[in-house]
Amino acid sequence: MQFEISNETIDPARLKAALLAERAGACVCFEGWVRNHNDGEAVTALEYESHAPTAVKEGQAILAEALQRFEIVTADCVHRVGKLDIGDCAVWVGVSAEHRGAAFEACRYIIDETKQRVPIWKKEHYTSGVSGWVNCATPAVASGQSR
Amino acid sequence: MQFEISNETIDPARLKAALLAERAGACVCFEGWVRNHNDGEAVTALEYESHAPTAVKEGQAILAEALQRFEIVTADCVHRVGKLDIGDCAVWVGVSAEHRGAAFEACRYIIDETKQRVPIWKKEHYTSGVSGWVNCATPAVASGQSR
Amino acid sequence: MIDVTARYFAVFRERAGCGSEQVATDAATAGELFSEVAARHGFLDAQARCKVAVNGELVGWDAKLRDADEILFFPPVAGG
Amino acid sequence: MIDVTARYFAVFRERAGCGSEQVATDAATAGELFSEVAARHGFLDAQARCKVAVNGELVGWDAKLRDADEILFFPPVAGG
């Protein structure tokens, strides 16, 4: 079980290999990709910033909760920081379990909690030249959307 | 959108690349792996058999249903046939969507329906030397378990 | 009496001892033919949990049979 | 009066114009210090939606401050 803040390209194939276990029959992976739009604005790129020590501590707590709540074998999560382009992978969550129900539920739990609790911030750059920090007070999220 | 029956090793990285789209912000992939046990029996290997023309037709129908029911960009599924070893990937489902909720729901829908509706059969080989066709009448599934 | 081809998969193939056979039958529907071959070969699965395709299309058990049809009998599925 | 280090992240850093500063304050709790620096720098986010860490640990807004503490102010998070 590992939660990582990384400023290098995420490699899902390498990460997934760490989830393998002979008793695991199911693996669910989530990837968050940089979209070309958010709340109607055309996005050209974005930057993620974090306070890594606190982020890793909170992220590890989320993984430990998932292991306790769901019948999973293991789970990992990596979140990018730095400047990303459209299509880049911003966050990866992988879960292995004996059965698929627990793998789906744990994977969803981990990404939902990560987005709500881990100190990571996103600054979007728009084609208009404007850029802005995205958070729950912005219309995108206030209107109930979540990526 | 593609549903495939394959007798070659599944390559998740290649398959996932086909899901990329600039408006996609979320990707959820499911992999079913051959476990080393089922319902208390130690499994050494297993064989999948299918009637491919019917399987592909039914699988494509499931993908089309997912596209209609959930706000997703695209979805693919590949199911192995032939002899597999412990840890091998037996089935892969990948979904991309603008937002993660739809991606999770569609991925779950596709694997659940595939396991219930697509004409594919599994014969397990046990360390005891015995082998058997697994189906919904066997204790493993009758007792409510599902991988 | 019609002549049809019955094809068997997975556990049905093993129990029948063959992947397909020609059957001369009075069965009017896919369901009636299933009952006939299931009794003869000792298939154990309830019809409601099995599936049938006629000439390449999944159909209901009440599907009418015609001479020269190809009928595929699928035991309960177990993918994934 | 105590001397503490306040550190700012993301939009807070941009609004404060610095990543950290020394603050001499009468604030007894993390929440009181937040109110003080938020007013001075024009932070717009409601305290309830922000987070605070003292000496590396996430704490509640009622956490007591001591001389030489390092206080990290986190605006609403937006990972993923």
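Each chain gets a letter, A, B and so on, in the order the sequences are listed, and its residues count up from 1.
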Tabulate below the donor-acceptor pairs under 3.5 Å that side-chain atoms of residues 10-22 of chain B make, not counting sequence neighbours, or state none.
residue, atom, partner, partner atom, Å
B/D11, OD1, B/A13, N, 3.3
B/D11, OD1, B/R14, N, 3.3
B/K16, NZ, A/E31, OE2, 2.4
B/E22, OE1, A/N36, ND2, 3.4

Run the side-chain contact (heavy atoms from CB on, under 4.5 Å) test against C/E36 and tell me which residues pass, sequence neighbours left out.
C/V23, C/T25, C/A27, C/L33

Please set out all donor-acceptor pairs under 3.5 angstrom arising from side-chain atoms of residues 63-80 of chain C, sequence neighbours excluded.
residue, atom, partner, partner atom, Å
C/D67, OD1, C/D3, N, 2.7
C/D69, OD1, C/N55, ND2, 2.9
C/D69, OD2, C/R66, N, 2.7

Listed by number, the residues in residues 67-86 of chain B that come under 4.5 Å of chain C (heavy atom to heavy atom) are B/H79

Test your reading of the model: is there a side-chain donor-acceptor pair from B/K57 to the backbone of C/L58, 3.5 Å cut-off?
no

Counting heavy-atom pairs closer than 4.5 Å to chain C, which one of B/T114, B/V93, B/V118 comes out on top?
B/V118

Which portion of B/E47 sits near chain C, non-hydrogen atoms under 4.5 angstrom
neither

Which region of B/P53, side chain (C-beta onward) or backbone (N, CA, C, O), has a non-hydrogen atom less than 4.5 Å from a non-hydrogen atom of chain C, or is it both or neither?
neither

Between the CD atom in B/E58 and the NZ atom in C/K51, the distance rounded to the nearest 0.5 Å is 5.5 Å

Approximate separation, where rounding is to 0.5 Å, of B/W121 CH2 and C/R13 CZ
9.0 Å

